[in-house]
> 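Provided herewith is a single structure, encoded as structure tokens, for subsequent inquiry.
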Number of protein chains: 2
Amino acid sequence: MSTLFSIGTLSKAAGCKVETIRYYEKIGLMPEPARSEGGQRRYHRKHRERLQFIRHSRELGFTLDDIRELLAMSEQHGHADSIARRHRTAVQNRIRSLTALRDELDRMIEECEQGHTGECRVIEVLSDHQECSGDH
Amino acid sequence: MSTLFSIGTLSKAAGCKVETIRYYEKIGLMPEPARSEGGQRRYHRKHRERLQFIRHSRELGFTLDDIRELLAMSEQHGHADSIARRHRTAVQNRIRSLTALRDELDRMIEECEQGHTGECRVIEVLSDHQECSGDH
DNA sequence: CTTGAACCTGTAGTCACTATAGCTTTTTTA
DNA sequence: TAAAAAAGCTATAGTGACTACAGGTTCAAG
């Protein structure tokens with residue numbers, strides 16, 4: 001009946017540290033949960049969903065402020081799609097620069113593999129590339 | 001003859017803030033440069049090259065510790081490519097996650113466009129994806 | 001030669017956690 | 001059911017990689 005669970009259980013469900021959950025609560029990203037007789041936090045399904053959302057978004061590179069906005073928009077359901085659209089643009093930019101980065105790393109690795117007698121010229125490769133697309 | 005330049009000039013050449021250079025010096029990543037009569041830092045070509053290497057590597061997502069290692073290796077010519085390879089894997093994972101998110105955002109946007117009268121279920125969409133590849 | 005931009009040091013703040021200390025509560029097991 | 005172990009609590013400090021600020025000094029252009 002009581003579908004309540006502890007902070008440890010929640011942390012495992014969301015794949016994050018217990019401390020992180022308490023931190024999210026402190027900064028107001030997670031709501032204050034109920035407490036047991038002895039004062040320990042007791043969570044339920046809604047908390048887990050919210051935390052999983054936060055963690056997933058963090059993994060995808062959104063800042064906590066981005067996430068706050070996303071959460072807000074999900075409650076105010078209105079201009080939701082404009083925010084989604086803006087985020088889509090940000091995500092696309094991120095993909096583009098990461099792809100460029102990956103290609104560059106590939107080039108580096110290949111150069112190393114050609115075994116120029118051990119001489120891995122990482123420094124030269126990495127300091128030379130002015131024309132490399134910057135993001136910020 | 002004197003090819004020396006100031007910290008501001010160096011910062012422009014490397015595309016970073018003056019404070020960042022002083023910070024790198026403080027943590028021992030950049031060597032202490034010469035000083036002018038009045039005590040201002042005076043750099044030369046070698047400094048610029050090193051800083052450009054550091055900045056470029058940072059842009060590619062290497063940590064300062066990685067960079068310390070890379071610099072050390074470049075002096076002892078050992079194997080730098082293992083670090084590059086490790087990093088490449090991380091980058092690829094990130095690209096995969098972001099691509100998934102972008103597609104998801106596209107779906108959301110489209111759903112909104114079909115005028116399902118508001119109700120954009122962002123939380124559900126983003127918290128559901130367990131099977132999404134985790135990186136760390 | 002004056003003015004203002006650039007520089008100096010030192011400290012504190014930021015973000016998103018993570019770790020520690022020193023306790024209390026809850027759960028397990030003998 | 002009692003004792004031991006695990007998990008929880010609060011509060012504070014530390015991390016990485018900067019960034020900002022205060023309050024002063026030096027340098028270069030007009």
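Naming convention: chains lettered A, B, ... in sequence-line order (proteins, then strands); numbering from 1 in each chain.
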> Could you please name the option among dG8(D), dT12(D), dC7(C) that lies closest to any side-chain atom of Lys26(A)?
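Closest of the options to the side chain of Lys26(A): dT12(D).
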> Give the nucleotide from the list dC8(C), dT10(D), dT26(C) with an atom nearest to the side chain of Arg35(B).
dC8(C)
> Between Arg35(B) and Gln40(B), is there a side-chain donor-acceptor contact under 3.5 Å, judged purely by atom types and distance?
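Per modelled atom types, Gln40(B) and Arg35(B) side chains form no pair under 3.5 Å.
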> In terms of side-chain heavy atoms of Leu64(A), which of dC17(C), dG8(D), dC27(D) is nearest?
dC17(C)
> Starting the side chain at C-beta, find the nucleotide from dT9(C), dT10(D), dC27(D) nearest to Ser36(B).
dC27(D)
> At 4.0 Å (heavy atoms only), tell me whether Arg55(B) reaches a base, stays on the sugar-phosphate, or touches nothing.
sugar-phosphate
> Measure from the side-chain heavy atoms of Lys17(A) and tell me the nearest of dT25(C), dA19(C), dC7(C).
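Within the option list, the nearest is dA19(C).
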> Base, sugar-phosphate alone, or nothing: which one does Arg22(B) contact when heavy atoms must sit under 4.0 Å apart?
base
> So, do Pro31(B) and Glu25(B) sit near enough that their side-chain heavy atoms are less than 4.5 Å apart?
no
> Taking the nucleotide of DNA chain C with the closest heavy atom to each, which residue, Gly8(B) or Glu19(B), is nearer the 5' end?
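Mapping each residue to its closest nucleotide by heavy atoms, the 5'-most match is Gly8(B).
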> By nearest heavy atom, map Tyr43(B) and Tyr24(A) onto DNA chain C; which one lands nearer the 5' end?
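It is Tyr43(B) whose nearest nucleotide is closer to the 5' end.
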> Between dG8(D), dT12(D), dC9(D), which nucleotide gets closest to the side-chain atoms of Ser6(A)?
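Of the options given, the side chain of Ser6(A) lies nearest dG8(D).
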> I want to verify a distance call: between dT10(D), dA17(D), dT18(C), whose nearest atom is closest to the Tyr23(B) side chain?
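Among the listed nucleotides, the one closest to the side chain of Tyr23(B) is dA17(D).
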> Would you say that Phe53(B) contacts Ile67(B) through its side chain, given a criterion of any heavy-atom pair below 4.5 Å between the two side chains?
yes
